[in-house]
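For the numbers below, each heavy atom of this structure counts, side chains included, while hydrogens, waters and symmetry mates do not. Reminder, nothing fancy here: chain letters follow the sequence lines and each chain counts from 1.
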Number of protein chains: 2
Amino acid sequence: MVQSKRPSLEDLLELLGQRGVYFILRSLQQGALRFGALQQATALPPRSLSLRLRDLEEMGLISRTEYQEVPPRVEYALTPLGKALEPALEALAAWGKTALKTP
Amino acid sequence: MVQSKRPSLEDLLELLGQRGVYFILRSLQQGALRFGALQQATALPPRSLSLRLRDLEEMGLISRTEYQEVPPRVEYALTPLGKALEPALEALAAWGKTALKTP
DNA sequence: CAGAATCCCCGCCGATACTG
DNA sequence: CAGTATCGGCGGGGATTCTG
């Protein structure tokens, strides 16, 4: 467990502004996912995805679970703090839909 | 009226991630404000504030009204589309408070 | 499979000065 | 008052390559 950053609203917004982060959180709302699956969902290069996942983990929004197997398997899931974002993400999505209706 | 950009959710998130943008929108929810007032509210240098305001205007979230007076006066206000963001901003603020309670 | 390392480049950011 | 002009720095971002 890392949880180094104080999860301030400004930090969250800055992170949400990075490409793919919104999609990562939305995807994980359906359940835990592996690195490869997130790569496909976000269309991010490995390095960028890795950085974003670390940011999210440091902010306490997601957890990383490493399974000692062959082949290696790592799963990412929302923490309670991450799940608490759901209403906000819903509200943003709702705005996005209304924005399309009134051009 | 400019309204050049299609207001997609990704664009909004990217813009919200820029420093000061959240504060600009929140401040304007209380009513129209002038450039100088926004400068004080956000603590942004003039150039950055000017860029952010233009981004917001291009996305159709705020409107710019210039009064031909001496001294010059310009007021920024939320458009209906900008006001439609209020629930989302509220939800984000609510998350911010819960984030503080559960460190 | 899940990342780390390296490299290079551009775009933003803030500071300072100036003007209609 | 409400911006624009100019500049320098640096940090993030993507592409590519390599490894436990």
For this session: Please state how far atom CZ in R54(B) lies from atom C1' in dT4(D), giving the value in whole angstrom units.
Result: 9 Å
For this session: Take P71(A) and R47(B), find for each the nucleotide of DNA chain C with the closest heavy atom, and name the residue whose nucleotide sits nearer the 5' end.
Result: P71(A)
Problem set entry | Distance, nearest 0.5 Å, that separates CZ of R19(A) from CD1 of I24(A) | 12.5 Å
Exercise. Hey, does the side chain of S48(A) come within less than 4.0 Å of dG12(D)'s phosphate (OP1/OP2), counting only N and O?
Worked result: no
Exercise. Does a nitrogen or oxygen in the side chain of S50(B) sit under 4.0 Å from OP1 or OP2 of dT4(D)?
Worked result: yes
For this session: Assign Y67(A) to base, sugar-phosphate, or nothing according to its heavy-atom contacts below 4.0 angstrom with the strands shown.
Result: nothing
For this session: State whether R52(A) places a side-chain N or O below 4.0 Å from either non-bridging phosphate oxygen (OP1 or OP2) of dG13(D).
Result: yes
Problem set entry | Integer-rounded Å distance: dG12(D) C1' and L49(A) CG | 16 Å
Exercise. Just how far is it from atom CG of L51(B) to atom CG of L56(B), taken to the nearest 0.5 Å?
Worked result: 11.0 Å
Exercise. Salt bridge check: are R26(A) and E90(A) linked by an N-O gap of less than 4.0 Å?
Worked result: yes
Exercise. What is the nucleic acid contact for Q18(A), judged by heavy atoms within less than 4.0 Å: base, sugar-phosphate only, or nothing?
Worked result: sugar-phosphate
For this session: Take the protein atom CG of L15(B) and the nucleotide atom P of dC13(C), then report the distance between them rounded to whole Å.
Result: 11 Å
Exercise. What is the distance, rounded to the nearest whole Å, between atom OH of Y76(B) and atom C1' of dA2(D)?
Worked result: 7 Å
Seminar exercise, completed: note: L53(A), atom CG; dC1(C), atom P; distance rounded to Å ~ 17 Å
Exercise. Which residues in residues 21-39 of chain A have at least one heavy atom lying under 4.0 Å from any atom of DNA chain C?
Worked result: R34(A), F35(A), G36(A)
For this session: Establish, with yes or no, whether the OP1 or OP2 oxygen of dC12(C) is under 4.0 angstrom from a side-chain nitrogen or oxygen of R19(B).
Result: no
Problem set entry | Rounded distance (Å) that lies between atom C1' of dG3(D) and atom CD of E69(B) | 17 Å
For this session: Give me the one residue out of L33(A), L81(A), L53(A) that meets side-chain contact (heavy atoms from CB on, under 4.5 Å) with I62(A).
Result: L53(A)
Exercise. If you measure from the Lys or Arg side-chain nitrogens to the Asp or Glu carboxylate oxygens, is any gap between E57(A) and R52(A) under 4.0 Å?
Worked result: no
Problem set entry | Whole-Å distance separating the CD atom of E75(A) from the P atom of dG3(C) | 11 Å
For this session: Check the hydrophobic clustering (I, L, V, M, F, W, Y; side-chain heavy atoms under 4.5 Å; chains of links allowed) and say if M59(B) and L9(B) are grouped together.
Result: yes
Problem set entry | Any donor-acceptor N/O pair, T79(A) side chain to G60(A) backbone, under 3.5 Å | yes
Exercise. In whole angstroms, how far is the P atom of dA2(C) from the CD atom of Q40(A)?
Worked result: 11 Å
